[in-house]
Amino acid sequence: MKAVGVMDAVGSYVNLTVTVPSAGNYKVDFRYANGTATNATKNVYANGGFQFSANLPTTGSWDTATSWVNLTHAGTLALQAGTNTIRIQTDASNVSTSDFDYLELHL
């Protein structure tokens with residue numbers, strides 16, 4: 001995934017297609033930036049179903065190397081074996097700005 005920025009409007013999202021070898025509960029890690037003064041949250045969906053809200057603490061800036069941080073085990077996704085669609089979305093309950101660099105999955 002290329003960095004995705006300015007996900008601050010209700011309904012803004014990024015879809016990711018992933019293929020996993022087996023069904024299971026996968027831990028999710030994010031690399032993100034949140035240069036605002038407050039924490040951000042984004043809702044995460046798998047195959048159309050809500051899975052969790054990711055809390056993204058402020059990183060203090062947008063434009064330095066330290067603006068991007070790794071968030072280990074942001075939540076867990078129940079995925080099926082084979083192809084899955086993951087959506088990171090701004091919903092009415094979590095309007096805030098954050099940028100995403102990548103997502104990693106771990107069993």
Side-chain angles (χ1 to χ4, degrees):
M1 163 169 94
K2 274 188 153 177
V4 176
V6 195
M7 291 180 55
D8 59 353
V10 173
S12 59
Y13 66 90
V14 59
N15 276 341
L16 306 166
T17 301
V18 298
T19 302
V20 295
S22 59
N25 293 318
Y26 286 78
K27 295 175 186 171
V28 179
D29 298 344
F30 289 125
R31 183 163 172 82
Y32 76 96
N34 172 10
T36 68
T38 59
N39 292 348
T41 58
K42 298 295 173 203
N43 287 339
V44 182
Y45 298 81
N47 301 315
F50 174 80
Q51 299 286 305
F52 66 91
S53 290
N55 183 35
L56 308 169
T58 182
T59 59
S61 175
W62 297 107
D63 26 332
T64 66
T66 58
S67 298
W68 292 93
V69 297
N70 296 326
L71 179 61
T72 304
H73 195 187
T76 302
L77 294 174
L79 300 178
Q80 60 196 17
T83 302
N84 296 265
T85 301
I86 298 170
R87 176 177 282 201
I88 304 167
Q89 181 168 309
T90 302
D91 291 325
S93 62
N94 53 24
V95 175
S96 53
T97 300
S98 53
D99 297 349
F100 288 92
D101 186 22
Y102 65 80
L103 170 144
E104 289 184 355
L105 301 172
H106 310 275
L107 259 178

Asks: What pair of heavy atoms forms the shortest contact from G35 to T58, and how long is it?
Replies: C-OG1, 4.5 Å
Asks: Let me see the working for Y32 and D101 under side chain to side chain contact (heavy atoms under 4.5 Å, CB included), right down to the final yes or no.
Replies: CA-CA 6 Å; Y32 76 96; D101 186 22; over 6 Å; no
Asks: Is Q89 reaching over with its side chain to a backbone N or O of G11, donor-acceptor style, under 3.5 angstrom?
Replies: no
Asks: Without swapping roles, check the side chain of S67 against the backbone of S61 for a donor-acceptor pair under 3.5 Å.
Replies: yes
Asks: Looking at side-chain heavy atoms only, is the closest gap between V20 and N84 below 4.5 Å?
Replies: yes
Asks: Given V18, which of L77, L105, T83 fulfils the side-chain contact (heavy atoms from CB on, under 4.5 Å) condition?
Replies: L105
Asks: Can you name the nearest heavy-atom pair linking N55 to T41, along with the distance?
Replies: OD1-CG2, 3.9 Å
Asks: For L103 and I88: C-alpha separation, side-chain torsions, deciding distance, then whether side chain to side chain contact (heavy atoms under 4.5 Å, CB included) applies.
Replies: CA-CA 10 Å; L103 170 144; I88 304 167; 4.3 Å; yes
Asks: To the nearest 0.5 angstrom, please state how far the CG atom of D99 sits from the CZ atom of R31.
Replies: 12.0 Å
Asks: Could you go through the side chain to side chain contact (heavy atoms under 4.5 Å, CB included) check for L107 and S22 one step at a time?
Replies: CA-CA 9 Å; L107 259 178; S22 59; 3.9 Å; yes
Asks: Checking T59 side chain against N34 main chain: does a donor-acceptor pair fall under 3.5 Å?
Replies: yes
Asks: For the residue pair F100 and F30, is the inter-centroid distance of their aromatic rings smaller than 6.0 Å?
Replies: yes
Asks: Assess the side chains of K42 and S53: does a donor N or O sit below 3.5 Å from an acceptor N or O?
Replies: no
Asks: When you check the side-chain N and O atoms of Y13 and D91, is any donor under 3.5 Å from an acceptor?
Replies: no
Asks: So, is the end of the R87 side chain (NZ or CZ) under 6.0 Å from the ring centre of Y45 and within 45° of the ring's axis?
Replies: no
Asks: Walk me through whether F52 and T76 qualify under side chain to side chain contact (heavy atoms under 4.5 Å, CB included).
Replies: CA-CA 7 Å; F52 66 91; T76 302; 5.7 Å; no
Asks: Closest approach of S98 and A40, non-hydrogen atoms and distance?
Replies: CB-CB, 4.3 Å
Asks: Any chance the side chains of D29 and H73 put a donor and an acceptor closer than 3.5 Å?
Replies: no
Asks: Of all the heavy-atom pairs spanning N39 and P57, show the shortest one and how long it is.
Replies: OD1-CA, 3.1 Å
Asks: So how far is it from I86 CD1 to L79 CG, rounded to the nearest 0.5 Å?
Replies: 5.5 Å
Asks: Testing the 3.5 Å rule here: is there a donor-acceptor pair between the side chains of N47 and T85?
Replies: no
Asks: What's the shortest heavy-atom distance between A46 and A78, and which atoms?
Replies: CB-O, 4.2 Å
